[in-house]
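Here the structure comes first, spelled out in structure tokens, and everything after it is commentary.
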Amino acid sequence: MVVTRFAPSPTGYLHIGGARTALFCLLWARKTGGKFILRIEDTDQNRNTPTAMQQVLDDLCWLGLNWDEGPQVGGPNGPYLQSQRLAIYQKYVDKLLDSGLAYYCFDTPEELRAMREKAAAAKQNFTYPRPAKFPTLQDVKQAREQGKPVVVRFCMTNNEIVVNDLIRGQVRFNGRELGDFIILKSDGFPTYHFACVVDDELMGITHVLRGQEHLMNTPCHIALQKALDFRTPQYAHITLTVNQGGGKLSKRDRAKALREHILAHKEIDINRLIQVGGLGENEMKEFLEARSVPDNPQVDAMAEYLGIHLPEINVIDFRRSGYLPEAIVNFIALLGWNPGGDREIMTFEQLIEAFDPSRFSSANSLFDRSKLIAFNTEHIKMLDPEKLLMHFKEYLNANKLPMAGADDAVLGRLLQICHGARTLEEVKNKSEFLFMENDKIRYDSDAVDKILLKGEKQGLEMLWLLRDKLAQLSPVNARTLEAMLRGLAEEKAVGLGKVAQPLRVAITGTTVSPPIFDSIDMLGMDNTLARIDNTLKRFEV
Ligand code: GLU
């Protein structure tokens, strides 16, 4: 049976690249009737943040990437948090120590630095010099008493190690160059290499699929497996996904976009921005001079304040920008893998059906954002209305928008009349006017100039006419509104736009909204008339 695992280190929100790895592990398990395990690799005490694990779990759930074993669901191979498995790792460390395949070391950071510098000065690759005689338990006790750091290193093989990678074929490494690496740290936690190898064995992992940045770790893992008499799983290192500029998708892209926006808009009040972002003055200076990057929440707060969109990097960014999980899953599945033929828009079930691990590509893939938008548009059209409504509500809640409190019937109708929207954010932007106070409409000055004031203020004229006709309309519904507006356009021998646009500006302040008949019907006649009156009063000179 195929058993795959996704093993994130919980150091922050789930990166879109991590989501892609998780998806492939899941597809592989589902395609073969196997099992998909989620394991949390939280052995780096300095990098873990308390909320990070929950964020990762939430993002995976939102994407619909459900694990068969792991945190929250449990399973026979638990615990699934490495920080809760220390006794297990200790047992295997002892086994290696007992068989002379590992040894204690007590070097201080300064001593290690000096060794590295010496090797660098001699233009040599640094590997740890294995002592002729290994320290005894008595030495360990003494070192501890002297306050020295006690670690355990693995006796790396001097032989060649061959990684049989599903995507890259055979990759050869020289064990001698890799050297003796640490398996147990001075804080009593195992290193990533060690915990990963022990858990892959104990959890029965048959296929390890992970990012290509881990390829160089694999020979260390294979050497450990041999020393511990473990099985070697099938490895597959998936290629990188790059942005349009050819670089990795990184949080720096977001900070860079923010910086460029700030530098291009001299009118921005930097002091206010410093407050909003919770930065120090110096930090802001360094950021604007491209010498440092603020934290994610600081960048997000500044972008929100400025009302700008930054390139999405983490799953949560896509979620907040109004993408559907179905679209994201479909899109990332096609990064570095293809189903054959020219199929593109696919549901999760179709992806499982088509999944074939021999179709991974060995070339980097481009993260094409316009393609993602096209995928999202298609999935919004395809999705069952009830599910779409659920996502829409989730989106509104994730962004803490007042619209989130609206009735399902209202939100459902908005989704229906905004047919063709590219993102849920677009639906929100188009319908926000319904949830504002009548006197809080923000008028877009271009829209006002072009639609209401141009020429002899024909737009305002039309609004006068419309006001009376609307006040007399009965009954009011999308159909009677349409008949009235079309009738008026015909009477005046103008296109429907000349009638509808002034009305749209009056009720929304802009030139974009859902179809005008539905918009007025949903806004209600009292509000519509109040907004027309406000507009006439404000722009009638
Ligand atoms: N914890 C590692 C990471 O987040 C997992 C690597 C692996 O899959 O072995 O990169």
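Start at 1 with the first residue, then count along the sequence. Whatever order the structure lists them in is the order used to number ligands and atoms, beginning at 1. As a basis for the values below, the full set of heavy atoms in this structure was taken, side chains included, without hydrogen atoms, waters or symmetry mates.
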| task | Would you check if the distance from the ring center of Phe355 to the ring center of Trp337 is below 6.0 Å? | result |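 Here the rings of Trp337 and Phe355 have centres that are less than 6.0 Å from each other.
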
| Taking the six-membered ring for Trp, are the ring centroids of Phe331 and His379 within less than 6.0 Å of each other? |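 So the answer is no for these two rings.
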
| query | Which word best sums up how the rings of Phe318 and Phe367 line up, parallel for under 30°, tilted for 30 to 60°, or perpendicular for over 60°? | reply | tilted

| query | Quick one: ring-ring contact (aromatic ring centres under 6.0 Å, His included) partners of Tyr80, sequence neighbours excluded? | reply | none

| Got a sec, which residues hit side-chain contact (heavy atoms from CB on, under 4.5 Å) with Cys105, two or more places apart in sequence or on another chain? |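 With neighbours one apart ignored, the set is Tyr103, Asp107, Tyr128, Val151, Arg153.
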
| remark: The answer, listing residues by chain and number that come under 4.0 Å of ligand 1 through any heavy atom, is Arg5, Ala7, Pro8, Ser9, Glu41, Tyr192, Cys196, Arg210, His214

| query | Who passes salt bridge (charged side-chain N to carboxylate O under 4.0 Å, His left out) against Glu344, sequence neighbours left out? | reply |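 Lys371.
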
